[in-house]
Amino acid sequence: MYKARVLENGELTSSIYSLVLSAEDSLLANFLPGQFVKIKVSSGYDPLLPRPFTVHAIYDSAFEILYQVVGRGTKAMSRLKPGDEVEFFGPLGKPFPRIEGSYLVSAGGVGVAGFGYLCQGLKPEFSLPAKLLYGARTSAQLVKLDFFSTLLPVEVATDDGSLGLKGTVADLLLAELNKQSYQAILACGPKPMLKALAELGRTYGVKIFLVLETLLACGTGYCLGCAVPSRRGGYFKLCVDGPTFDAEEIDLEFLR
Amino acid sequence: MYKARVLENGELTSSIYSLVLSAEDSLLANFLPGQFVKIKVSSGYDPLLPRPFTVHAIYDSAFEILYQVVGRGTKAMSRLKPGDEVEFFGPLGKPFPRIEGSYLVSAGGVGVAGFGYLCQGLKPEFSLPAKLLYGARTSAQLVKLDFFSTLLPVEVATDDGSLGLKGTVADLLLAELNKQSYQAILACGPKPMLKALAELGRTYGVKIFLVLETLLACGTGYCLGCAVPSRRGGYFKLCVDGPTFDAEEIDLEFLR
Amino acid sequence: MNFYVKIGDFELRSPLLLASGTWGLGEKEISGLEYISALITKGVSKDPMPGNPPPRLAEAPCGLINSIGLENPGVETFLKEYLPRIKKLGPKVIVNLHGESIEDFCYLAERFENADVSGIELNISCPNVRKGGIHFSESAKDVFELVNEVRKRFSKLLIVKLSPRSNVFDIAFACEEAGADALTVANTYPALAVVSLKPFKVLLGGLSGPAIKPLTLRLVYELSQKVKLPIIASGGVMTGRDVVEYLACGATAVQVGTALLIDPLGIKKIYKEFEELYQELEWGS
Amino acid sequence: MNFYVKIGDFELRSPLLLASGTWGLGEKEISGLEYISALITKGVSKDPMPGNPPPRLAEAPCGLINSIGLENPGVETFLKEYLPRIKKLGPKVIVNLHGESIEDFCYLAERFENADVSGIELNISCPNVRKGGIHFSESAKDVFELVNEVRKRFSKLLIVKLSPRSNVFDIAFACEEAGADALTVANTYPALAVVSLKPFKVLLGGLSGPAIKPLTLRLVYELSQKVKLPIIASGGVMTGRDVVEYLACGATAVQVGTALLIDPLGIKKIYKEFEELYQELEWGS
Ligand SMILES: Cc1cc2nc3c(=O)[nH]c(=O)nc-3n(C[C@H](O)[C@H](O)[C@H](O)COP(=O)(O)OP(=O)(O)OC[C@H]3O[C@@H](n4cnc5c(N)ncnc54)[C@H](O)[C@@H]3O)c2cc1C
Ligand SMILES: Cc1cc2nc3c(=O)[nH]c(=O)nc-3n(C[C@H](O)[C@H](O)[C@H](O)COP(=O)(O)OP(=O)(O)OC[C@H]3O[C@@H](n4cnc5c(N)ncnc54)[C@H](O)[C@@H]3O)c2cc1C
Ligand SMILES: Cc1cc2nc3c(=O)[nH]c(=O)nc-3n(C[C@H](O)[C@H](O)[C@H](O)COP(=O)(O)O)c2cc1C
Ligand SMILES: Cc1cc2nc3c(=O)[nH]c(=O)nc-3n(C[C@H](O)[C@H](O)[C@H](O)COP(=O)(O)O)c2cc1C
Ligand code: FES
Ligand code: FES
């Protein structure tokens, strides 16, 4: 693992946090949009496994992740303070596919985390998406809206209608696909959202890439623990073949 | 366990720290000099066992412990910051014996921790010791010297002679016993020091009480894990029969 | 809460029992006893036992290794001085028995047949004694004979506490056949800690605590599918969720051990967590 | 450092080997290989195996539960596509073998007799397959026959990897008798994790990591006093101190598994810690 210092750590909204870690620029130069890091969350052996998080943004000698507090590991992370030392490893996983032509990114909840770096446009080989479709339960849960709004057009939806469309990201996408055609969609969020988007993609004949999650042990391709069933039989390894997959290649049963 | 807030936590000298924890006065009213608390040192299950520390001093709605960083648990404690929540339980163990007549307290290194509360004189039923004999490797390791000096006469010894007598606590005690007679000695420190003092005590026919340590699991008398061999066969339980023992009652082999 | 199960005539309104050896013998106050169904005593033997010399403990990753060596005052002193005090604590009492031979166990069972206890738990699984204990678990035949003989002499609740390192299935079948009322699954796992490297010194003892939960959970799951006897789970219960997991895996009740050593106020916490989850899962309805 | 041991003709200048299934099959870079004596491959079977459906993993207190189900490309693809790549990594290669029958194992041993590998490790202890694996360990007689037959066909380093839940002593004697060169003690411990309560869903798998260290340390300690075969320890090695403890308890070498999953830079760290302690203890002199 590499050592890093906590530069910032704080709540953006109830249960979603931002963590900024120091890292050498020579290491950061290897990070590509869509990749993730794993972070050690305890000083002892419990919890044992480092937790994976996609890189949200890259700064000078630092990178940021957004994380939702869901269990013991993220709870422990939420207690980190500036100056604390943490261990991490990365970059891991495949970057986002490089898409030629106009494409959308769509995020549900903390799923937006992975798109920041892409939208920052720091890597010329990754073209900017045309728009971000972004949904959450309620407006307060739409974190980093200002950040994204300065980078690209953003359309939002909330379950309670407190901001943007009253509805889901799938509703946003449906409206969008009815207006215009896109080369591809990149989607990250909860499983039901991904499933809905994958189905929409199929109906409209537009390529859709899903950012998937599963429990990881190694994140480095060593353990074969992160099996994602392939549509053609057999398994992908989420941590090295993904986390982003062409929806056509995976068995969508996985999203149940 | 009870919840407490960290009010202060910091290094006094290399590897010896002071931790001040909030606690309700109604609870603190039960604390007696010589008793200890156990403190949970991890948020997960590793390390599993709370660590025992004698109460060093009592303040309004707060108490202080002094701890030496020797392993994983104390290392984790050293990272606590004001405002953090910790869990503890106590008071545990027997208080110091109530000694009538003039007596000495003698401490080696962080062994001084337990005598602060006694010397504060907050509990009238515990008479003040006549003197503190206090030794350490070097002057920098003599923590809380100012605190003790305002409460009672202090004689110090250092291995390197950087302050007070060049020598050990046993040397201090020897000089003291040659000068004057005492009802009893209360001693806390590393095993070789306790052994030396116990032998001196026997030679001079003065009662000596030793504050002992061993690994504890429960600290509450439940597990029988903290066996201290009795001179008369069988075992004491350090956590409920001690931690302070009459040197005559225990098998001094334990100090090897 | 409407939790209610029976093991023979033995009624439980809480799934929690206190495990042998982890709450003393009633000398010290225990908080939260209103939330448990029974107290299982530290192992009691025919004659007093001094226990093992120190060190008796070592810490392990997410676990505790102990080698107490069954320190206890012996059955007569227990009956005279300890039992009355333990009875006053409130909950029903089950006596954990240690014997070196079938005769020892029979003798003890007879002594408790008319004593004011609800049942006995035969400890054939202590890893920390030279004779008896875990050595019984080496042969299903011996266990059958042991339980069979004890059964003849003891009419109340008869539990056998298995060792996880034995051939649990054969031993469990033997207990069932011989007329036991329930099984405790399981005792600690034989373990080793290096106490010091120079000079080289080890502690041989039994591992308890969270580390063993996934292992004992597996044993309970497998055993409950193979034997009809009710299973009382023991191993690493720290939270209400752990209790629920054991019940879901086939246990009838669970014992709390190491958790109480760590947090003397832990019983109430575990019970409350259990209650909440039990209701959330609508198990009671 | 002057660490040097031999198992048969097999020389080790570091006590570290990489455990089966915890470094892939050489697809991904592994840092610190200069500090290890050999790579033990993921289990290789006669025919390709797809592995188990997800979930394959669960976290446990101080441990990891896995049920990979021996996903592997089968011996022919392994020999053609994987072995050449693994050989290029540098260290000697030991192939971990999985068979459902004695015939399977014999077939595999023959295939590797003339392949460019230093030895084989017979996995008679995988808890995650329906046939073969741990089921072999139920009978010392079967194990004797298996090892005996394989020995006739394989002249290089022959290691048998034991299950901790078997009767290890009898199995170990059987291996010794049948001509094995060394034992790996031990594989993962059969364990269970409750993946979800509603609907109730469990993962049956093998427990690895720090949680099992005190248990495997005990097995190594006891076995090394009873069998003459060199013992390669495997279970929860996370630090240099763990390596030293295993050697002090009778192991000839140790395998690093879960530790590498957690920290891909861990080999160097463990080796350096070991080296320092080894010198401090003056074991080399
Ligand atoms: C490649 C990858 C990238 C990720 N990026 C992000 C990110 O940028 N921001 C973010 O907030 N989260 C991200 N996650 C999810 C994040 O890793 C988990 O939320 C985190 O590991 C949970 O740790 P915990 O200890 O708090 O929860 P635990 O106590 O381990 O678990 C709490 C609950 O969450 C479930 N859970 C645990 N891990 C996962 C998982 N990986 N997938 C689904 N459910 C899980 C458990 O089953 C349990 O119900 C990512 C996951 C992957 C695989
Ligand atoms: C009743 C009592 C009161 C105590 N009061 C104080 C106090 O006021 N201030 C203070 O600094 N320390 C005190 N101690 C000792 C303190 O509890 C230990 O130093 C601490 O538990 C070590 O925790 P760790 O996780 O840092 O070390 P570990 O990683 O657990 O161990 C580090 C090293 O210390 C040894 N060790 C661990 N615990 C003990 C122990 N209890 N006795 C002897 N050796 C041990 C281990 O064998 C190991 O070699 C007291 C102990 C007892 C029993
Ligand atoms: C300190 C200690 C002493 C124990 N003494 C006994 C005993 O006397 N008899 C017995 O059958 N089990 C004994 N046990 C085992 C426990 O009753 C329990 O089965 C085991 O610790 C596993 O549960 P746990 O993980 O909840 O502690 C003891 C355990 C500990 C930790
Ligand atoms: C993900 C994973 C996969 C494993 N696959 C195999 C295998 O294919 N064959 C085998 O004999 N052991 C396998 N093992 C067991 C390890 O080789 C090792 O013996 C065990 O994990 C204990 O060591 P550890 O605690 O250092 O991980 C696997 C272990 C893990 C964690
Ligand atoms: S998490 Fe280990 S291979 Fe993906
Ligand atoms: S530590 Fe448990 S009885 Fe003393």
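All chains are named by letter (A, B, ...) in the order of the sequence lines, taking the proteins before the strands, and each is independently numbered beginning at 1. Note that the structure is a prediction, hence the values are computed from the model and not measured.
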*Interatomic distance, Arg79(B) atom CZ to Arg79(A) atom CZ [nearest 0.5 angstrom]*: 12.5 Å
*What part of Lys81(A) gets closer than 4.5 Å to chain B, counting heavy atoms only: side chain, backbone, both or neither?*
side chain
*When you look at CG of Asn30(B), are more than 12 heavy atoms from neighbouring residues, nucleotides or ligands closer to it than 6.0 Å?*
yes
*Indicate yes or no for a side-chain donor-acceptor contact from Asp46(A) to the backbone of Tyr45(B) under 3.5 Å, with no hydrogens or angles considered.*
yes
*Has Asp146(A) got more than 12 heavy atoms of other residues, nucleotides or ligands less than 6.0 Å from its CG?*
no
*Is the number of heavy atoms from other residues, nucleotides or ligands within 6.0 Å of CZ (Arg5(B)) greater than 12?*
yes
*Would you check if Ser43(A) and Lys75(B) make a side-chain contact, meaning some heavy-atom pair closer than 4.5 Å?*
no
_More than 12 heavy atoms of other residues, nucleotides or ligands under 6.0 Å from CD of Glu8(A): yes or no?_
no
